[in-house]
Peer 1: 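Before we start, here is the structure in question, set down as structure tokens.
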Amino acid sequence: MDFELSNELKMFQKTIRDFCENEIQPHATAADETGVLPWDAIRKMPHLGLLGLQVSEVYGGADMDTLAASIAVEEIGRVCGSTGLSISAHNGLGCGPIVRWGSDEQKTTWLPKLTSGKFLGSLALTEPQAGSDLLNGAQTYAYQDGDEWVINGTKAWITNVSFAPVINVLVRTRKDGSSHDFSIILVEPDRAGVSVHPPEKKMGLKASPTHMISFENVRVPSQHLLGEEGSGFYMTMQTLDSGRISIGALSVGIAQGAFEAMVRYAQERKAFNEPIANKQLIQEKIANAAVELEAARMLVYKAAWVKDQGRDYTKIAAIAKLKASEVAEKVCHDAIQIHGSYGYSRDYPVERMYRDQRLMTIGEGTSEIQRIVIARQVLREFHHS
Amino acid sequence: MQIVTFTRSTPDTAAKVEVNSSGVVTWGDAATVVNPWDEYSLEEAIVQAKNTGGKATVIAIGPEMHNEALKHSIAMGLDEAVRVQADDLDMTDSLGWATLAAAAVQKMGNAELVIFGKESIDVATDQQVYQTARKLGWTMLSYVSKILAIDTANKTIKVEKVLEQGKQIITVKLPVVISVMKGINEPRYPSFIGIRKASKAVIPVWTPGDLGVSLPGKTSELVAYHNLPARAVQTEIITGESVQEKAAKLVDKLLEEKVL
């Protein structure tokens with residue numbers, strides 16, 4: 001058992017950290033206030049491989065393993081949750097399905113664009129009336145008309161839609177009431193009949209815009225079908241398993257940012273003639289945060305490692321995402337507590353971090369869904385043994 | 001054109017550097033970084049090698065800790081890296097350092113341009129730069145803020161230099177040693193491809209024997225390091241009935257201390 005990162009990964013991590021501290025961190029507050037991602041930094045990301053973390057070098061990617069991809073997302077999240085979410089979604093949800101199931105033609109058409117620094121990728125699953133229960137609730141429907149697919153329906157809470165050259169859209173292509181009803185179709189947002197609604201007004205992650213998107217008799221060529229017809233639900237579940245590791249990494253990153261801010265503040269702020277870091281009640285918060293953060297990070301790294309070993313990672317990905325997102329909540333909460341009134345003000349970054357982390361227990365599967373996934377797997381294991 | 005540049009690993013600028021109880025300079029277990037001034041010389045070497053269709057080699061002199069800076073250089077895009085190790089070299093002995101540096105450049109054979117960062121942040125000096133130029137017998141141009149042109153056919157280089165009074169444009173014959181200022185370029189981040197290359201790189205080590213030189217006798221002796229004396233700070237809180245009164249008292253104090 002070896003907990004040491006490889007020399008290459010350590011160097012990659014340090015480079016990403018330098019990049020994030022120089023190019024993203026100085027703009028994180030403004031990004032939150034203006035709702036605009038730090039695009040100057042994003043345009044520089046292809047050089048570092050951040051826009052094609054697990055895309056082949058042939059298509060402009062960095063072809064890294066899941067552990068390296070997780071560390072990259074963690075480092076971005078440490079300085080800016082919004083940028084972290086958009087880059088995580090871009091890599092895992094936007095590029096991921098095309099990398100795994102795209103035809104050579106689809107890969108050649110879309111991946112070089114996606115890794116160029118001009119766009120961010122997107123996946124449209126959720127609908128206004130269906131999030132956790134896509135199987136029964138998702139209504140968006142596509143039928144074949146000659147050599148075209150015709151799509152009707154509405155998707156909600158979609159990240160990066162406004163920056164995507166193409167969106168992976170989950171649609172029903174049959175109405176049998178089974179998991180084989182679904183397919184994923186690649187749709188460019190500028191096709192006739194596509195309407196991107198105004199950005200949602202959110203609590204946090206404000207620079208990473210989230211949109212509703214409607215399809216009204218949208219026609220795309222039949223070769224825009226991703227993978228096999230009827231395998232959309234399976235592809236979605238696979239993509240979410242993988243995306244959960246990334247959201248876990250993002251949660252650890254946001255928590256790490258809050259943790260560093262909290263410790264520094266506790267050492268600087270004086271009360272009763274000494275730094276508050278000398279007070280045991282403050283030390284308790286610092287110690288608990290250190291313990292929880294370490295545990296969450298190890299789970300995320302393990303989930304990434306299990307996936308890289310080619311093993312089934314559904315359970316460990318859910319465990320890592322659940323734990324890391326709940327740790328982010330606790331650590332950011334205590335970071336504000338230690339900052340007192342300053343922590344509640346927008347003058348200190350912990351207020352933004354607290355708002356940003358709040359999505360982590362909701363997006364890419366709520367904590368409740370993670371617990372269902374974990375319990376189902378555990379019960380199955382016991383049933384078999 | 002063959003370009004040579006030098007670098008070294010120095011304590012992270014955020015690290016607390018101090019003299020410990022045994023009189024040794026230490027920065028705890030803080031990481032080392034590329035000497036910050038060298039980021040500009042490394043970038044300039046990459047750019048000029050590309051512009052002239054040549055090759056850029058980076059050299060570090062000293063123990064194995066300097067491999068970190070060399071690997072960072074490769075990750076940035078330097079073509080080759082070499083480390084020169086002399087077990088009896090005192091890193092504060094700039095003349096010994098320059099003897100090895102000049103010999104290493106000569107071993108390269110066809111180098112015509114040596115680029116240094118403005119200074120080394122660890123020893124806070126740039127005298128090794130001039131000493132290396134002197135040992136090579138090459139022209140020295142310090143504080144270069146821009147390379148305006150390199151004419152490989154006529155073997156000349158035209159640069160902009162920073163002077164106390166302003167700027168100087170100067171053309172000289174190659175070969176030449178230059179030191180470059182911050183702001184001459186925007187150093188690039190290592191690329192993921194470069195990182196991959198750097199992590200696999202095996203860095204050759206040259207000894208004084210390989211270079212055909214022996215270290216000169218030391219002309220200086222390092223007696224001891226001392227920590228800076230702790231600054232005595234006196235704090236006085238100015239009291240008064242109103243903000244205006246406090247401000248007036250503060251201004252009086254500042255005038256009294258000749259701060260204003």
Side-chain angles (χ1 to χ4, degrees), chain A residues 4-25 38 40-65 67-73 75-76 79 87 91 95 115 117 260 263-264 267 270 273, chain B residues 7 9-16 29-40 42-43 46-47 50 58 60 64-78 81 83 121 182-183 185-203 233 235 237:
Chain A
E4 190 82 78
L5 299 181
S6 70
N7 284 336
E8 181 178 322
L9 201 41
K10 276 191 219 162
M11 215 167 162
F12 180 64
Q13 182 177 39
K14 184 182 179 303
T15 304
I16 304 296
R17 179 165 291 205
D18 287 348
F19 174 81
C20 290
E21 288 182 352
N22 294 332
E23 310 285 337
I24 302 176
Q25 195 164 33
D40 284 345
I42 293 171
R43 277 186 280 270
K44 290 181 186 172
M45 286 183 180
H47 179 71
L48 299 161
L50 295 175
L51 296 184
L53 287 166
Q54 299 198 272
V55 177
S56 157
E57 287 185 34
V58 178
Y59 303 115
D63 206 6
M64 292 181 189
D65 61 16
L67 182 57
S70 303
I71 285 172
V73 169
E75 288 300 328
I76 302 170
V79 301
I87 298 305
N91 278 288
C95 300
T115 56
E260 290 173 26
V263 176
R264 267 197 300 269
Q267 288 175 323
K270 285 187 181 153
N273 298 320
Chain B
T7 192
S9 301
T10 57
D12 192 330
T13 42
K16 194 180 175 210
D29 52 8
T32 61
V33 295
V34 165
N35 174 36
W37 292 100
D38 294 345
E39 299 239 359
Y40 303 96
L42 290 164
E43 174 69 27
I46 295 168
V47 169
K50 192 171 169 234
V58 56
E64 207 175 338
M65 68 175 266
H66 298 285
N67 275 359
E68 292 295 319
L70 292 175
K71 292 209 164 182
H72 181 90
S73 307
I74 294 172
M76 275 178 79
L78 271 289
R83 186 165 62 84
I121 204 170
K182 183 178 172 176
N185 53 42
E186 192 186 332
R188 70 193 67 193
Y189 292 95
S191 69
F192 69 91
I193 294 170
I195 290 170
R196 215 162 264 170
K197 190 178 159 199
S199 68
K200 292 190 185 85
V202 179
I203 293 168
V233 179
T235 310
I237 294 176

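All heavy atoms count here, side chains included; hydrogens, waters and symmetry mates do not. Per chain, numbering begins at 1; letters A, B, ... match sequence-line order.
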Peer 1: B:Ser199 and A:Glu8: which non-hydrogen atoms are nearest, and at how many Å?
Peer 2: OG-OE1, 3.2 Å
Peer 1: In terms of heavy-atom pairs under 4.5 Å, which option from A:Met64, A:Lys44, A:Lys10 contacts chain B the most?
Peer 2: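 Of the options given, most contacts go to A:Met64.
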Peer 1: Looking only at non-hydrogen atoms, find the nearest pair between A:His47 and B:Tyr189 and report the distance.
Peer 2: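 That closest heavy-atom pairing would be NE2-O, 2.5 Å.
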Peer 1: Report the distance from atom CE of B:Met76 to atom OG1 of A:Thr15, rounding to the nearest 0.5 Å.
Peer 2: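 One finds 10.5 Å between CE of B:Met76 and OG1 of A:Thr15.
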Peer 1: Please classify the contact between B:Lys200 and chain A as side chain, backbone, both or neither, with a heavy-atom cut-off of under 4.5 Å.
Peer 2: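 The answer is the side chain of B:Lys200.
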Peer 1: Using 0.5 Å steps for rounding, measure from the CE atom of A:Met11 to the CZ atom of B:Phe192.
Peer 2: 14.5 Å
Peer 1: Using 4.0 Å as the upper bound for N to carboxylate O, is an ion pair formed by A:Glu57 and B:Arg196?
Peer 2: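 A:Glu57 and B:Arg196: salt-bridged.
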Peer 1: With rounding to the nearest 0.5 Å, note down the distance linking CG in A:Asn7 to CD1 in B:Ile195.
Peer 2: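 It comes to 12.0 Å.
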Peer 1: In this structure, are over 12 heavy atoms from other groups packed under 6.0 Å from B:Glu39 atom CD?
Peer 2: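 Yes, enclosed.
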